[in-house]
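First comes the structure, then the notes that go with it.
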Amino acid sequence: MYKKYSIAAGAALAVGLAGMVAPAVAKVEGDTIVIGSSLSLTGKYSTNGFHTQKGYDFAVKRINDTGGVKVGGKSYKLKVVYYDDESTPSRASQLTERLVKQDGVDYMLGPYSTTMTKAVAPVTEKYKVPMVEAEGASRSLFTQGYKYMFAVLSTSEYYLAPVLDLIAQRAKAGWKSPSDLRIGMAFENDGFSLDVRAGVLDVAKKYGMKIVIDDKLPADLSDMSATLTKFKALKPDILLVSGHSKGAATAARQIEEMKINASAISITHCEAAKVHVKFPKSANGILCPTQWLTNLPNSEPIFGDAQKYDADFKKAYPEYNTGIPYQTAQASAAVLVFKDAFERANSFDRDKVRDALSATDMNTFYGPIKFSEAGNNIAKPMFYRQIQADGSYKNIVSHEDMTLPRKVSY
Amino acid sequence: MAQNVIEVKKVSKSFGGVKANVDITMAVRKGSITGIIGPNGCGKSTLFNSIVGYHPIDTGSIKFEGQEISHLRVGDIARLGMLRTFQQTRIYTKMDCVDNMQISVSQRPGSNSTMFASRKGEIRERAEHLLEFVGLYSKRNLISGDLSFGQQKLLEFAMALMNEPKVLLLDEPTAGINPTLINGLINRLQRANEELGITLCVIEHNMRVIMNLASHIYCLSNGKMLADGKPEKLQNDPRVVDAYLGGH
Amino acid sequence: MLDNLQLLFVYAPVMNVQMLLDGIFIGAVFALAAYGLALVWGVMNVKNLAQGDFVIMGGYIAFTAHNLGIHPIFALPFIAIVMFLYGLVVYQLVIKRVIDNDMFVSLLATFGLSLFMQQVMNLIYGPEVQTVDSHMYIMTMFDDFVTVPTVKIVSLALAAVFATAIVIFMTRSRMGQAIRATAQDARAARVLGIDTNKVYMFTFALNSAICGIAGVLVSMIWVLQPFYGIVYSLRTFAIVTAAGLGNLPGVITMSFILGWVEQYAGIIAGAEWQIAAAVFVLIGVLSWRQVQMRRQRQVVR
Amino acid sequence: MNEKLIYIGLAVFGILGPIAFPDYIMQFAVLWIMVIMATTWDITGGQMGYNSLGNITFFGVGMYVSASIQVSMFYDLGAFTASYGAIKPVFTESQYYTGLALGVFFGGVACSVLSLLLGLAVFGLRGPYFAIGTLGVAVAAREIAGTIEVIGAGAGIAMPFLPLPIEYRSAFFYVLCFIIAVIAHFVIRWLFKTQFGLAANAIRDDEDKAEAMGIPTLRYKQVGWAIAAFFMGCTGAVFGNMVGYIEPLEVAFPVATFGIFMVAMSLLGGKGTLWGPVLGAILFHVVKEATWTYLLGLQWVVLGLILIVNIVYFQQGIMGWLQAKYPERFGIAVDESTSASKGEA
C-alpha cells in the first residue's frame, strides 16, 4: 500500500538539509569578535528581552566607537548575533547549542530571565563557552557550580528581602515590633519569583514576621482580586508582589481599584511596567527594587558615570525618555565586562578569557563588579527607590528615607 | 420445543409526550425467521432500537438468551451475539471490501479474534468466500464507498455473516434495492438461516417480502402490538389489513 | 486551605459579598463571549478557538481609542462595527471554507487564526500588559471593605443591554428569524429560500462584534495582553459545553457560576488554582455529560 | 522506487547526516522528536479519527516522571528542587545511566498507565468534544504540575549532567531520539498491518457501525492511545535530559506550540497514512527553522498563516493528495465501472 513515493520523501530530505545548513560564522572574523545571544524577542518576556537587546547594542556601538577591544596590540570590533528564544527555555537551549555548534560562537551574552538562563547555562557550561549574563538573578543559578557563567547583577534574594530588612529597622525605630508585622505576598509561579520568595521567607523568619497570605500567580492570570480580597480581610502590614512587568501592572491596577491600604508595598519590575505613569494613585509609596540608580558615583572611561550613561542612552533611544529600566543598564555592563576580560586575557582562548573574567574587579557606571567563586557579582548591592506622589522616584539608602506607613489618597 | 432467543416483555418507551411503544411483548424463537411489520410511525424502529441498545426503555424487560440486556449498550449486546444492520446502509466507506469483511469477525468472548492478529490466512479466506456468497467477489479489492447502494447493502449483509452472530436483526433489508435483486436477497437470507443457522429478525415494509420470508410475524400499530402469528394468518387478519389501509 | 475557609465563613464573611459581586461582574463579560460562541457553534457548527482572541482584539481597539482620547464607552458602537467588519473578512477567508467540513477542521483552523491574531497584536501593541483607565468613581461598602468600581456596574448593565438587544433581534428581526431557522435545520432553511451563506456570514460577524464589546469591558476592568485570549477561549468553551447551545439563560447562569468558581477557587485553594479551576469545570462538565449520556446508552457528540 | 529505497534513504540520512554535519546534531535530534510526535499522534488522530489536542500531556508527564526517578534514586527530591538548589548534584556514571534508563522506560510506562485512566474519562466524547476535552486535560496537567512543590512547582528542575565528554553529548541524545523514532515507526507499521489497524480505520470511518459490529472500540482506543503515550513519555524523558532544565509551562507542557504542531505536521503530510506524518514533520521542521532564521520576529505570524492555509485549503495533506491523484500507485484498486477513488482526507 505504501509504495512508490520516495520522490516526495527524498525531496523533503533534500530541502531539509538545504534549509538547515546555513553558512557558519567564525568566532573572530577578521577584526570582529562575534558574541552570541539568545534573547526573548517574542513571547511573554519580550518587553524585557528588548530592553536587554538595546543595552547590548548600545554598549557594543559605544565600545566600537571608542577604539574597540585591544588584544595583542590590535583593535577588534564587537558584534552580537541574536536569536529569538520566544520566551521558551527549550528553544533557548537549542539556540545556544546552535550558536555554539553551527555559528561557531565562542562567547555568549546571557538571555533574559532566570528561567532562560537556567536552560542556557548547562549548554554553555558543557561547551566551556564563557557567558556573561545580566538578567538571570536567581540564587539557584549560582549553586550549580557553573564555571563559565558570570552575572553582573545582584541575585534574586536581594530583590525583596532587603526591603523587609529596612522595614524591620524602621519598625524597631519606634513604629512597632518587627515580630508584629504581618506579610501578604503573591509571587508568579516561575523560577525567578519563587527565588525572590525564598529570600523573603528567610528574612521573615529572622524577624519572626508572620506570613498570612502566600499565593502563587499563574503565568497568564490577569486578575489578582482573589489575593487582594484576602488581603483586605486579613489586613497585613506589608504587601509583596513579584511577577515581572505584567505582574506589576496587574497588581498596581487592582491595588488602586480595590483601595488596598497596606503600610508598605513593594513590587518588583515596577519601573519596567511604568506603574508611576499608569497608576499614579496606587503607585504612590510603592518601594521598587532596582539593580541600578542613575546617581551612582562610579565612573569609567567608556560610558562615564551613571548619569552620563542615562543621558547618552536617551539620546540614542529617545523612546526611553521616561526612564531607562535597569535591565538595559546591566546588559551594557555585561558587554563592558567582556571587553575588560578580553583585554586582560590578551587572547581569544576561551579558557584564558574565562580566567580573566573570573578575576574581574572593575568599576563601571553600573557599579563595582567582582565575581565570587560561583560567578555572581558580590561587589554591588541592590538598590531601592520609592515612588513619590508626583510620580518621581526617591532613592532609599537607609530606612529613614522611606515614607512609612505609605500615604494613600484613593 | 425450540427456545426463545429474544424475549421482550411489556416494553414501553416514550419520547417527550409521544408514546412510541406501549406494553410490547414479543419473542423470537431460535433458528426462526421472525418478521416485524407495521405502517410508518408505528414504533417498529423504536422497538428495534430498544432491543439493540440505542436508547433506554422506560419500563419492561428485554432478554437475550435469558440475560437481561435492556441496560446494556450497543457494543455489549453485539458481543453477546446479537447483530443488526442499518436501514441506511453503514459500511466503512474508505476501506476496501476485503478489509471491511476482515474487521467484521466475531468479537464474542471465546472467538479467536485478537487485537494484534495477522490479517492473512484463514480469516481472509473466509472473507473472500462470503464475498463470493453475496456475489461481490469480483469487487473485493475496491474501496467500498465506490460501490453502488445495492452492492453496499450486500456487503453489509456479508459483513454481518462474517461475524457469525446468533441473531441478526435486519432493518428493512430490501429498502432502496432494485426489485430485480430482491429475490436474490431473500434467497440469501433464507440460506443464511438454513445453512449457517442464524436466527433472523426482520423489520420490513414490503409485505410480499416478509410473507415469503418469515415464519412468524408481529404487527405493530400506533406503538401497540396489534397482532401476531403465521404469515397466512396475518394476511387475513382484518385488523392488519385495516392498519395498512386505514391510513392512520 | 482550611484557614482560608475559616477566613471566608467565620472571620470575614463580608468577603463573600465582594466575591459574589466580582463573580457576577466577571460572569457578565464571560456571558457575552460565551453567547457569541454558542451562536456560531449552534448555527454553523463552527467551534471558534479564537473566541478569546476576538475578545482581546476588541480590548486593544478600545485601548487605541483610549490613547486617542476617546472614552471606550463612547467608542463602543464604533468598535462593534469594526469587529463586525473584521468578522466578515475572517468569514470570507477562513470560516466559509471550513463550515461543511469535518468538525475538527474548524477547531484547528480557528486555532491557526488564534495564533495569527495573537502574534499580530503582539507586533502592534507589544507584549506588555496594557490597561485602559475608565476614570470612573469607585464605590465602597462595609467600611471600605467591599469596593465596587462604577465601571463594573456599567459593564454589567451594558452586557445586560446587549444580551436583551440580541434576544429581541433574534426573535423580532427577519435576519434573527433566519438565523434561528438555519440553526434548527440548515437544509430546510435553504428550501424555504433562506440564503444560508448570508446567514452564516452575518452570524459570524455578529459573534465578532459581541466579542469586541466583551473586549471593551475587559479592557476597562482588567488588563490586556496579546496572549491572554486562550484563557477566555477555554472559559467560553466550558460555559457553552455546560449550558448547551441556543440556551441564553443557561449560558448566563453558567457564566455567573464560572465567575464564582474562579473567585472562590482563588481564595480557598490559592491564586495558582484560579485558571486551573476553569479547566476543571470544563473537564468536570464533560465527564458529567458522559455519565449522563451513558445512562441514555449514548455518547457525547 | 519503492519502500526499500525510502528506508535506505532515511537510514543514510539518520546515520550519516549527523556525521556529515556534526554541528547540526541537536537540530536533527529535534527533527526526530517531531517525527515521533507526528507519527504517534496519528495512531489515534489520523487512523482512528480521534483528534487529540492533548497528547503533549504525556510528553510532560514522561519528562517529570523520568526526572523524579533519576533524582530521587540518589537524592531527596524535595531538597533537590528547593528554590535555592541546596544540593549540588553529583551523579556518577553508573548512577546517571541507570537513572536515565529507568527514567525513560518508566516515564513511558507511567504515561501508558495514565492514558488508560484518562481514556476512560475522555473516550466517551466524540469529535470536537474529544478535542476540547483532551486540550483541557493538557492545560490541567500543566497547571497541576506548576503547583507540586516537590517537583519544583513553577521553578522546575535542573537535570543531572550527562557524564560524557562534551563532544559526545549531542550525539548521545541524538542516538536516543533516533532509536525511539525508529522503534516507534516499526511498531506503528506492524500495528497497522494487524487487525488493530483495521479496527482503527473502522472506528474512524464509522464508529457507530463498529460498535454495532461488536468491536470493543473503547479498548482499541485506549490501547492506541497507550502506545502513543508510551512513546511520548519516553521522548519527553529524553528531551528533558537533553534540554537540561525542565519547567511546566514551556518545556514540559508546551500545549499551544508542540501540542498543536504535532497535529499540524500530521495534517500537512497527510493524516492516516504511514509516511504522511513523517513527511509532514520533516517539512514542518524545515519550514519552521527557515522562518525562525530568515523571518525573525514574524515567524509566529507566518506559522499561524501556514496552519490556516494548510487546514483551509489543503486538508488532505501531501500523502492524501498523492493518493487521490495516483490511487493505483498506493495499491488502491479502481474499477472502470466505478468512479475514481476520492482519496483519504
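Here is the naming used below: chain letters follow the sequence lines, and residue numbers restart at 1 for every chain. What's counted below: heavy atoms across the whole structure, side chains too, no hydrogens, waters or symmetry copies.
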Against chain C, label [X] side chain, backbone, both or neither, depending on which of its atoms sit under 4.5 Å from a heavy atom there.
X	answer
D/Y313	side chain
D/N310	neither
D/L125	both
D/L307	side chain
D/V122	backbone
D/L135	side chain
D/A264	neither

Subject >> Within 6.0 angstrom of D/R219 CZ, more than 12 heavy atoms from elsewhere >> reply: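 Open: at most 12 neighbouring heavy atoms sit under 6.0 Å from CZ of D/R219.
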Side chain from CB out, backbone as N, CA, C, O: work out which of these in [X] comes under 4.5 Å of a heavy atom of chain D, or both, or neither.
X	value
C/W41	side chain
C/V94	both
C/V299	both
C/Q290	side chain

**OP:** Take D/K221 and D/E207 through the salt bridge (Lys or Arg N to Asp or Glu O under 4.0 Å) test and state the conclusion after the steps.
**Re:** CA-CA 11 Å; D/K221 290 182 280 191; D/E207 185 168 357; 2.7 Å; yes
Subject >> Partner chain C: residue of D/V263, D/V302, D/I260, D/L305 with the largest heavy-atom pair count (under 4.5 Å) >> reply: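 Ranked by contacts with chain C, first place is D/I260.
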**OP:** Report the option among D/G133, D/A153, D/A121 that has the most heavy-atom pairs separated by less than 4.5 Å from atoms of chain C.
**Re:**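 Maximum pair count with chain C is reached by D/A121.
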Subject >> Residue pairs fulfilling salt bridge (Lys or Arg N to Asp or Glu O under 4.0 Å) with at least one residue in residues 143-153 of chain D, sequence neighbours excluded >> reply: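 Sorted pair list: A/K216-D/E149.
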Original post:
Where the side chain of C/Q92 meets the backbone of C/K96, is there a donor-acceptor pair that is under 3.5 Å apart?
Top reply: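 Flag not set: sc C/Q92 to bb C/K96 has no pair under 3.5 Å.
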**OP:** Determine, stepwise, if the pair D/F253 / D/F59 fulfils ring-ring contact (aromatic ring centres under 6.0 Å, His included).
**Re:** CA-CA 7 Å; D/F253 299 101; D/F59 189 69; 8.7 Å; no
**OP:** Not counting sequence neighbours, list each pair that qualifies as a side chain to side chain donor-acceptor pair (under 3.5 Å) and has a residue in residues 222-238 of chain C.
**Re:**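 Only C/R235-C/E262 qualify under side chain to side chain donor-acceptor pair (under 3.5 Å).
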Original post:
So, D/W225 versus D/Y220, ring centres under 6.0 angstrom or not?
Top reply: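 Ring-ring flag for D/W225/D/Y220: false, centres at least 6.0 Å apart.
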Subject >> Distance flag, aromatic centroids of D/F130 and D/F123, threshold under 6.0 Å >> reply: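 Yes, close enough.
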Subject >> Top contributor to chain D interface from C/L286, C/L113, C/L234, C/N122 [non-hydrogen pairs under 4.5 Å] >> reply: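 Top option by heavy-atom pairs under 4.5 Å: C/L286.
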Original post:
Stepwise, does the ring-ring contact (aromatic ring centres under 6.0 Å, His included) test hold for C/F202 with C/Y91?
Top reply: CA-CA 9 Å; C/F202 185 86; C/Y91 175 82; over 10 Å; no
